[in-house]
Amino acid sequence: MKKIIFILMLLTSCFIFSAESSDTILKLINEVEKSPTADSSLEKYKRIVQYAEETKEAFVMYMPELTVFENEKINENTSLMLVGSYTAGVLKPQLTEKRALIAIKDGVKQQLSTYKLLKKSKNINIEIFDAMISLEQEGKIDSVYNYYTVFETKGY
């Protein structure tokens with residue numbers, strides 16, 4: 001329950017930072033892509049998620065199966081890394097192309113990459129991501145990405 005409250009507070013928090021520019025967020029996204037599991041990325045993830053919640057320049061659809069980890073044995077920082085990497089992956093093409101779309105597939109790719117690093121370093125196991133890794137090893141990961149591509153349309 002604490003994890004759900006943390007994520008909800010994170011996603012709906014008050015303005016901790018002044019309104020960020022899309023260029024600043026794009027820079028933060030590029031930084032967290034270089035070191036997605038570093039402790040120094042945590043504050044950047046917070047800013048990225050907050051931007052996603054506040055902006056009208058981009059659209060992020062949070063899929064519960066990919067962003068709510070209440071039954072998993074992970075701490076708040078790990079949860080933030082996973083939600084933040086998903087958010088960064090969804091935002092990056094929108095900010096680069098300067099148009100709002102629903103780009104879940106890009107978020108899933110970034111999140112899965114981050115999960116693999118966390119799995120090695122923190123020995124975590126989250127069923128949905130482990131299933132994706134199995135599909136990847138079988139050469140069937142495109143079925144996951146194709147599923148999430150169905151959702152990709154213009155946001156507005």
If you measure from [atom1] on [X] to [atom2] on [Y], what distance do you get to the nearest 0.5 Å?
X	Y	atom1	atom2	answer
E72	L82	CD	CG	10.0 Å
E57	S22	CD	OG	4.5 Å
I126	L112	CD1	CG	11.0 Å
Q111	I128	CD	CD1	8.5 Å
D23	L28	CG	CG	11.0 Å
R99	Q94	CZ	CD	9.0 Å

query = Between S143 and N146, is any side-chain donor less than 3.5 angstrom from a side-chain acceptor?
reply = no

task = Using the salt bridge (Lys or Arg N to Asp or Glu O under 4.0 Å) rule, take E136 and K116 through it: C-alpha gap first, then chi angles, then the decisive distance, then the call.
result = CA-CA 12 Å; E136 187 176 56; K116 289 176 187 176; 2.4 Å; yes

request  = Starting from the C-alpha separation in whole Å, work towards a yes-or-no answer on side chain to side chain donor-acceptor pair (under 3.5 Å) for Y45 and T87.
outcome  = CA-CA 8 Å; Y45 281 132; T87 305; over 6 Å; no

For residues 31-40, which side-chain N or O atoms pair as donor and acceptor with protein atoms under 3.5 Å away, sequence neighbours left out?
{"from": "E31", "atom 1": "OE1", "to": "K44", "atom 2": "NZ", "distance (Å)": "3.1"}
{"from": "E33", "atom 1": "OE1", "to": "K92", "atom 2": "NZ", "distance (Å)": "2.8"}
{"from": "E33", "atom 1": "OE2", "to": "K92", "atom 2": "NZ", "distance (Å)": "3.4"}

note = Hits for salt bridge (Lys or Arg N to Asp or Glu O under 4.0 Å) against E138, two or more places apart or cross-chain, chain-then-number order -> K140

Minimum heavy-atom distance between [X] and [Y], given as atom pair plus value:
X	Y	answer
V49	G84	CG2-CA, 4.0 Å
N75	T78	OD1-N, 2.7 Å
L91	A58	CD2-CB, 3.4 Å
P93	D106	CG-OD2, 3.3 Å
T114	S85	OG1-CB, 3.2 Å

From CA spacing to verdict: side chain to side chain contact (heavy atoms under 4.5 Å, CB included), T24, R47 = CA-CA 10 Å; T24 301; R47 291 171 62 186; 3.7 Å; yes

task = With sequence neighbours left out, write down each residue that passes ring pair (Phe, Tyr, Trp, His ring centres under 6.0 Å) with Y115, or none if nothing qualifies.
result = F129

inquiry  = Would Y51 and V60 count as a side chain to side chain contact (heavy atoms under 4.5 Å, CB included) here? Give the steps.
reply    = CA-CA 10 Å; Y51 173 84; V60 177; over 6 Å; no

Are any non-hydrogen side-chain atoms of [X] and [Y] less than 4.5 angstrom apart?
X	Y	result
K73	I124	no
I74	K122	no
D130	K119	yes
L66	V83	no
I104	Y86	yes

query = Can I141 be reached from L117 by stepping across I, L, V, M, F, W or Y side chains whose heavy atoms are under 4.5 Å apart?
reply =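 Result: no, two separate clusters.
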
